[in-house]
Amino acid sequence: MGESMQGMKRTHRCTEVSNQNIGEKITVMGWVQKRRNLGSLIFIDLRDRSGILQIVFDENTVGTAGFEKAGTLRSEFVIAIEGQVVKRSGAVNENLATGEIEIIAESIRILSESETPPFPIEEDSQTKDELRLKHRYLDLRRPDIQRNLIMRSKVTMLTRAFMEQEGFLEIETPILCRSTPEGARDYLVPSRVHPGNFYALPQSPQIYKQLLMCSGYDRYFQVAKCFRDEDLRADRQPEFTQLDMELSFVDVDDVIDVNERLLQYVFKEAIGVDVALPLTRMPWQEAMDRFGSDKPDTRFGMELVDVSAVVKGCEFAVFAGALENGGSVRGINAKGQGAMPRKKIDKLVEFAKGYGAKGLAYICINEDGTLKSSFAKFMSEAELAELVKAMDGASGDLLLFAADKNKVVWDVLGALRLELAKQLELLDPNQYNFLWVTEFPLLEWSEEDERFYAMHHPFTMPMEEDWAKIDSDPGAVRAKAYDIVLNGTELGGGSVRIHQNDIQERMFEALGFTKEAAYEQFGFLLDAFKYGVPPHAGLAYGLDRMVMLMMHSDSIREVMAFPKVKDASCLMSKAPNQVDGKQLEELGIAVAEL
RNA sequence: GGCCCAAUGGCUCAGUUGGUUAGAGCGCCGCCCUGUCACGGCGGAGGUCGCGGGUUCGAGUCCCGCUUGGGUCGCCA
């Protein structure tokens with residue numbers, strides 16, 4: 001049973017009380033973090049979202065009834081305390097912001113009692129995710145999660161302030177949309193009024209924001225909820241939030257300029273990190289060649305080296321075979337790892353196989369300069385020496401090679417490079433390396449479907465220099481697309497959009513769309529483009545990932561209030577759930593027997 | 001869909017080559033305690049070892065299947 005708070009008014013949050021308030025009578029309300037009952041003196045650590053404040057109960061001050069009440073307090077009781085702020089007569093607690101003061105309680109009300117929580121409400125919880133998420137409302141009381149959500153709020157507020165300053169309008173776009181099957185799977189919502197018809201939840205506000213450009217709202221942004229029905233990862237949830245923007249009468253440099261200043265502002269104001277501008281830009285091809293990734297982590301080296309020319313003509317069938325099939329042989333140099341035990345190297349080989357490699361070739365350069373290699377017997381000493389030289393190999397180094405189609409080689413070495421960096425602790429969490437990756441390929445060939453897919457989306461503008469190749473060599477066309485990468489994570493991405501009918505038609509053609517099919521899916525956008533469309537471009541950030549990186553979290557779940565687990569269900573609410581037969585009937589839906 | 005990891009009192013964990021009544025810390029409950037803040041002291045309760053099957057004289061421990069959670073590949077324009 002809880003008491004009423006009528007007649008009381010909270011004057012401060014716990015850590016809003018400071019030495020300045022000594023002598024004042026104040027009222028604080030919050031949760032009991034901890035009780036220390038010394039018999040005729042009781043201490044309570046009172047907690048709210050701001051932090052902790054010590055309350056002292058002495059029968060002489062709080063009265064007999066109040067003191068008895070204080071004796072019944074347990075973890076997570078919600079209480080209201082009226083009392084005087086005093087300098088502590090006992091020792092100062094250096095660990096608390098309010099460590100020099102305490103409140104001498106003059107009255108206490110128990111606003112709500114609490115059962116013993118199923119896990120401790122404390123920082124750095126070791127509790128399993130499953131239990132935390134089942135009782136997320138308790139998990140959210142923990143200071144580290146509170147800090148994350150407070151930071152998230154700060155980042156959106158700062159973004160809004162900056163965008164406002166830059167002349168952007170915040171405009172909301174629909175959640176109930178038309179399904180467009182390109183790209184990720186849609187979450188579908190049945191229509192009651194139109195049985196058999198479905199809305200889709202937006203994967204992003206892409207088309208709407210382009211329409212807003214057509215309508216003249218020349219700078220738009222939105223904190224946009226997006227939905228994708230794909231498998232989850234540590235950095236992927238089925239619903240997530242984008243900081244989404246679109247601008248008219250701009251080209252690549254304009255978008256990059258305003259976003260660099262946004263990032264500089266937000267990172268400075270939110271976490272005090274200075275971002276030096278301009279940020280490095282790197283064409284996609286260079287990113288792949290040097291790092292084997294379109295989102296390179298540039299906090300460490302260990303760059304890929306193409307040794308195809310060096311090993312050309314060697315006897316090693318794996319290398320020769322890869323080159324014959326149009327692939328390449330590339331390596332990375334793990335400096336100083338030449339003495340890595342065989343078992344550990346075997347683990348790296350297994351790791352590589354997980355990324356499609358058939359194997360991994362290696363050379364250990366011993367301290368005395370001799371070589372230990374998985375393929376030395378297939379090569380002459382001169383060939384090996386040349387290979388080591390090409391890899392800048394020195395005594396004590398470990399050289400790892402992958403040979404396959406380029407895509408496989410990049411994937412394998414890109415992943416291996418990151419794995420080694422993790423193992424060797426080369427990643428400084430307090431270093432923030434931003435990078436623009438530009439000039440992405442416009443199209444990506446799907447072996448499975450034997451057609452091109454848009455790498456970004458079908459409205460991405462090809463680079464002017466490559467327009468001529470759209471029909472003759474579509475795979476070689478580069479796009480005016482850009483990703484912003486932070487420490488190896490894709491923070492955001494965007495592109496200049498096509499605003500000319502003829503280019504758009506050639507794009508659809510390259511994608512294998514008939515005019516009818518294109519109209520079927522995107523008719524309203526193409527119609528809008530008939531009536532005067534400004535050149536426009538945009539970008540969207542993954543807000544969750546941004547805050548995750550700022551807070552050094554391992555997962556975006558830590559920066560979202562109510563995340564879902566691996567199979568996209570919610571352990572707390574038990575969503576998704578089966579629905580009433582009546583609801584289904586109304587929607588004209590029959591569920592197949594499972 | 002594939003691969004890898006985990007599951008033992010409320011929480012976090014230990015548990016040897018399979019061997020008696022499965023332990024610890026924290027938490028919880030009771031009593032005592034006026035300066036604690038990892039309060040202290042004394043006492044106490046609490047476990048079908050995730051589920052099902054198998055091997056064995058005997059399974060927390062070995063084997064198989066499943067469930068749940070995590071990581072990852074595929075997937076994510």
Side-chain angles (χ1 to χ4, degrees), chain A residues 33-46 52-61 67 71 74-76 86 88-96 98-99 102 104 115-122 124-135 138 180-186 203-204 206-207 226-238 240 347 350-357 411-412 415 418-419 440-444 446 448-449 451-460 479 481 490 493 495 507 511 521-522 542 554-555 557 564-567 569 571:
Chain A
Q33 176 69 31
K34 193 99 185 167
R35 83 195 129 95
R36 290 179 291 278
N37 187 338
L38 273 61
S40 40
L41 198 59
I42 298 171
F43 296 93
I44 292 291
D45 287 342
L46 188 71
I52 282 183
L53 178 64
Q54 176 165 280
I55 316 289
V56 193
F57 296 91
D58 186 323
E59 194 167 355
N60 299 322
T61 323
F67 191 77
R74 293 294 183 272
S75 286
E76 302 308 311
V86 299
R88 290 194 181 191
S89 47
V92 165
N93 186 340
E94 309 272 353
N95 300 320
L96 293 183
T98 56
E102 64 192 1
I104 307 281
E115 293 181 14
T116 304
F119 56 87
I121 312 296
E122 62 188 19
D124 297 324
S125 168
Q126 301 298 310
T127 309
K128 291 184 180 68
D129 288 358
E130 189 177 355
L131 192 67
R132 289 174 52 200
L133 290 175
K134 194 173 167 190
H135 304 277
L138 296 179
T180 52
E182 291 259 320
R185 292 185 185 88
D186 284 328
Q203 296 176 24
S204 84
Q206 184 60 36
I207 292 177
C226 302
F227 307 85
R228 293 179 189 174
D229 186 4
E230 296 293 346
D231 286 354
L232 280 68
R233 288 286 188 284
D235 62 352
R236 264 163 40 189
Q237 283 271 313
F240 59 100
K347 273 202 171 161
E350 284 311 305
F351 178 85
K353 283 179 178 169
Y355 287 82
D411 279 356
V412 167
L418 285 178
E419 175 64 19
F440 277 77
L442 183 68
L443 304 166
E444 204 173 16
S446 163
E448 197 182 328
D449 299 343
R451 57 162 278 204
F452 280 108
Y453 278 95
M455 195 152 178
H456 195 52
H457 60 65
F459 315 109
T460 304
E490 181 193 332
S495 64
M507 178 73 174
L511 289 170
Q521 275 196 42
F522 309 111
D554 298 327
S555 161
R557 283 191 300 259
K564 297 189 168 52
V565 296
K566 187 176 173 160
D567 69 353
S569 63
L571 293 179

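Residue numbering restarts at 1 for every chain, and letters A, B, ... go by the order of the sequence lines.
Listed nucleotides rU72(B), rA77(B), rG1(B) differ in distance to Asp231(A); the shortest reach to its side chain belongs to rG1(B). With rU34(B), rU72(B), rA77(B) as the choices, the nucleotide that has an atom nearest any side-chain atom of Gln206(A) turns out to be rA77(B). Proximity note for Ser75(A) (side chain, C-beta onward) versus rG35(B), rC28(B), rA77(B): the nearest is rC28(B). Picking from rG74(B), rG70(B), rU72(B) the nucleotide with the shortest atom distance to the side chain of Val565(A) gives rG70(B).
For the atom pair NZ of Lys134(A) and NZ of Lys128(A), the computed distance is 13.5 Å after rounding to the nearest 0.5 Å.
The base of rG10(B) lies outside donor-acceptor range of the side chain of Glu115(A), with no N or O pair under 3.5 Å. For Lys128(A) against rG70(B), no side-chain N or O and base N or O form a donor-acceptor pair under 3.5 Å. Taking 3.5 Å as the limit, the base of rG10(B) and the side chain of Thr116(A) contain no donor-acceptor pair of atoms between them. Evaluation of atom-type donor-acceptor distances gives no pair under 3.5 Å for the side chain of Arg74(A) against the base of rC29(B). At a cut-off of 3.5 angstrom, counting only N and O atoms as typed in the model, there is no donor on one side facing an acceptor on the other between the side-chain of Arg228(A) and the base of rC76(B). Remark: the Lys134(A) side chain and the rU68(B) base include no donor-acceptor N/O pair separated by less than 3.5 Å.
Here the separation of rU72(B) from rG10(B), taken at their P atoms, is 31 Å to the nearest Å. For rG27(B) and rC66(B), the P atoms lie 41 Å apart once the distance is rounded to whole Å. Taking atom P on both rC49(B) and rC28(B), the two are 27 Å apart, rounded to the nearest angstrom. rU56(B) sits 33 Å from rU12(B) when the C1' atoms are compared, rounded to a whole Å. Between rA59(B) and rU48(B), the two C1' atoms lie 15 Å apart (nearest whole Å). Nucleotides rG19(B) and rC63(B) have their P atoms positioned 15 Å apart, rounded to a whole Å. A distance of about 15 Å separates the C1' atoms of rG9(B) and rG44(B), rounded to the whole Å. Between the P atoms of rC29(B) and rG52(B), the separation comes to 32 Å (whole Å).
A salt bridge is defined here as a Lys NZ or Arg NE, NH1 or NH2 lying under 4.0 Å from an Asp or Glu carboxylate O, and Arg236(A) with Asp231(A) fails to meet this definition. At a threshold of 4.0 Å, the pair Glu350(A)-Lys353(A) counts as salt-bridged, since one of the basic side-chain nitrogens sits closer than that to a carboxylate oxygen.
Ring stacking holds between Phe43(A) and rU36(B), with the centres under 5.5 Å apart and the planes within 30 degrees of each other.
Between the Arg88(A) side chain and the Gly99(A) main chain, a donor and an acceptor come within less than 3.5 Å of each other.
Here the side chains of His456(A) and Phe440(A) are not in contact, with every heavy-atom distance at 4.5 Å or above. Using a 4.5 Å heavy-atom threshold, the side chains of Glu76(A) and Ile121(A) count as touching. A 4.5 Å side-chain heavy-atom check between Asp45(A) and Gln54(A) finds at least one atom pair inside the cut-off. For the pair Gln203(A) and Thr180(A), the minimum side-chain heavy-atom distance is 4.5 Å or more. Annotation: side chain of Arg132(A) is not in contact with side chain of Leu571(A) (no heavy-atom distance under 4.5 Å).
Whole-Å rounding puts the Tyr453(A) OH to rC75(B) C1' distance at 13 Å. Distance Glu130(A) CD to rG10(B) P: 15 Å, rounded to the nearest Å. Across the protein-nucleic acid pair, Phe351(A) atom CZ and rC73(B) atom P stand 8 Å apart, rounded to whole Å. What separates CZ of Phe119(A) from P of rC13(B) is a distance of 14 Å, to the nearest Å. For the pair Asp235(A) CG and rG70(B) C1', the interatomic distance rounds to 14 Å; values are reported in whole Å. Counting to the nearest Å, the C1' atom of rC76(B) and the CE atom of Met455(A) are 13 Å from each other. The separation between Glu230(A) atom CD and rC75(B) atom C1' is 5 Å, rounded to whole Å. Atom pair Ile44(A):CD1 and rG35(B):P shows a separation of 17 Å (rounding to whole Å applied).
Judged by Watson-Crick or G-U wobble contacts below 3.5 Å, the nucleotide rA14(B) has no partner. When Watson-Crick and G-U wobble pairs are counted only if both distances are under 3.5 Å, rG65(B) pairs with rC51(B). If you check rG30(B) for Watson-Crick or wobble pairing at under 3.5 angstrom, you find it paired to rC42(B).
Among the heavy atoms of the strands lying under 4.0 Å from Leu131(A) are primed sugar atoms or P, OP1, OP2 only; no base atom is included. At a threshold of 4.0 angstrom between heavy atoms, the contacts of Thr127(A) are confined to the sugar-phosphate backbone, with no base atom among them. Within 4.0 Å of Glu102(A), counting heavy atoms only, lies at least one base atom of the nucleic acid. Across all strands shown, Asn37(A) has heavy atoms under 4.0 Å from base atoms, whether or not it also approaches the sugar-phosphate. Note on Leu571(A): only backbone sugar-phosphate atoms sit closer than 4.0 angstrom, heavy atoms only; bases stay farther off. At a threshold of 4.0 angstrom between heavy atoms, the contacts of Gln126(A) are confined to the sugar-phosphate backbone, with no base atom among them. Across all strands shown, Arg132(A) has no heavy atoms under 4.0 Å from either base or sugar-phosphate atoms. Nucleic acid contact for Arg233(A): base, since at least one base atom lies under 4.0 Å from a heavy atom of the residue.
Mapping Arg236(A) and Arg35(A) onto RNA chain B via the closest heavy atom, the residue that lands nearer the 5' end is Arg35(A). Nearest-nucleotide positions on RNA chain B for Ala234(A) and Asp567(A) put Asp567(A) closer to the 5' end.
Contact between the side-chain N/O atoms of Lys34(A) and the OP1/OP2 oxygens of rG27(B) is found at a separation under 4.0 Å. Look at Arg36(A) and you'll find a side-chain N or O under 4.0 angstrom from OP1 or OP2 of rC39(B).
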